[in-house]
Number of protein chains: 2
Amino acid sequence: MAAPRHRAAPDHTHPDDVAVETALAALADPVRLTLVRELASSGEWSRSCGSFDVPVGKAALSHHFAVLRAAGLVEQRDEGPRRVNRLRREEFDARFPGLLALVLREG
Amino acid sequence: MAAPRHRAAPDHTHPDDVAVETALAALADPVRLTLVRELASSGEWSRSCGSFDVPVGKAALSHHFAVLRAAGLVEQRDEGPRRVNRLRREEFDARFPGLLALVLREG
DNA sequence: CGGAGTGTTCGATGAAAACCATACACTCCC
DNA sequence: GGGAGTGTATGGTTTTCATCGAACACTCCG
């Protein structure tokens with residue numbers, strides 16, 4: 001058996017399994033764009049979900065992170081009581097070359 | 001006075017005046033993606049609006065072209081009874097380098 | 001144990017977007 | 001002039017998406 005898991009691990013999607021439409025739609029939202037940008041200018045695994053300055057409640061925020069995971073943009077890991085994030089720079093850029101750079105270049 | 005214009009010219013938006021979110025949202029739709037791709041593999045000004053193989057009615061199609069114009073992706077010109085299209089490759093690529101190539105590389 | 005902190009899930013709501021059918025406008029050609 | 005072809009505008013329906021409030025699950029710490 002596997003080690004007992006006390007909390008459901010978030011299901012990730014690898015960028016390779018993501019359709020272009022999905023990636024574009026994920027990045028087309030202003031809130032998610034902020035998350036990605038702030039995440040890009042922070043160290044990996046340094047930001048918990050609640051540490052972002054976006055004008056939405058917890059529920060909506062949780063949903064946005066689910067969308068980002070499904071688009072292969074963000075990886076999450078449980079660290080104690082909080083869930084920390086990492087931008088999947090390399091993997092995502094390998095699948096969609098230049099796209100991340102494009103949205104990071106402005107803002 | 002200017003020469004009499006019998007039909008309203010479509011209002012275009014230059015890619016330089018387009019926000020990233022707008023460009024991404026425009027390309028995130030499957031129908032519009034098809035239009036852009038088919039347009040990319042055709043000569044400039046060679047395709048009229050009705051010449052595309054998409055599963056939507058005339059009204060919806062007209063709307064999609066309006067979105068593409070607003071995103072700086074397509075330029076239109078009236079040619080007799082029909083409205084012909086051109087993909088704004090260079091201008092759009094100057095504003096969003098690599099984005100067009102990205103969506104054209106697949107499909 | 002019990003409370004504080006963090007994040008997800010559920011149900012409902014409101015706004016935005018896609019779509020259709022119809023009606024209209026314009027051009028071409030007989 | 002009148003009909004066929006092409007595209008737009010309008011009005012209304014349906015779907016999708018972002019959002020919230022409240023309830024729940026889990027971790028940490030006193």
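First the proteins, then the strands, lettered A, B, ... as listed; each starts at 1. Basis for what follows: all heavy atoms, side chains included, without hydrogens, waters or symmetry-related copies.
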Using atom [atom1] of [X] as one end and atom [atom2] of [N] as the other, report the distance to the nearest whole Å.
| X | N | atom1 | atom2 | result |
| --- | --- | --- | --- | --- |
| B:R82 | D:dT8 | CZ | C1' | 17 Å |
| A:H63 | D:dC17 | NE2 | C1' | 7 Å |
| B:F65 | C:dA17 | CZ | P | 19 Å |
| A:R83 | C:dG5 | CZ | P | 20 Å |
| B:R77 | D:dT6 | CZ | P | 18 Å |
| A:E79 | D:dC26 | CD | P | 19 Å |
| B:N85 | D:dT6 | CG | P | 14 Å |
| A:L61 | C:dG7 | CG | C1' | 9 Å |

Options [options], nucleotide nearest the side-chain atoms of [X]:
| X | options | value |
| --- | --- | --- |
| A:A60 | D:dT19, D:dG7, D:dT27 | D:dT19 |
| A:A59 | D:dT8, D:dA22, D:dG7 | D:dA22 |
| B:V56 | C:dC20, D:dT8, D:dC20 | C:dC20 |
| A:D29 | D:dC20, D:dA18, C:dC20 | D:dA18 |

Exercise. Are the side chain of B:T22 and the backbone of B:V18 linked by a donor-acceptor contact shorter than 3.5 Å?
Worked result: no
Problem set entry | B:R86 side-chain N/O to B:G43 backbone N/O, donor-acceptor pair under 3.5 Å | no
Exercise. Are B:S62 and D:dA9 close enough that a side-chain N or O sits under 4.0 Å from OP1 or OP2?
Worked result: no
For this session: Using a 4.0 Å heavy-atom cut-off across all strands, classify A:D78 as base, sugar-phosphate, or nothing.
Result: nothing
For this session: Give a yes or no on whether a salt bridge exists between B:R47 and B:E38, defined as a side-chain N under 4.0 angstrom from a carboxylate O.
Result: yes
Problem set entry | Check ion pair A:D16-A:R95 (N to O, under 4.0 angstrom) | no
Exercise. Which residue, B:Q76, B:H64, B:E75, B:H12, forms the side-chain hydrogen bond (donor to acceptor under 3.5 Å, both in side chains) with B:R69?
Worked result: B:Q76
Exercise. If you pin A:P55 and A:K58 to their nearest nucleotides in DNA chain D, which one's is more 5'?
Worked result: A:P55
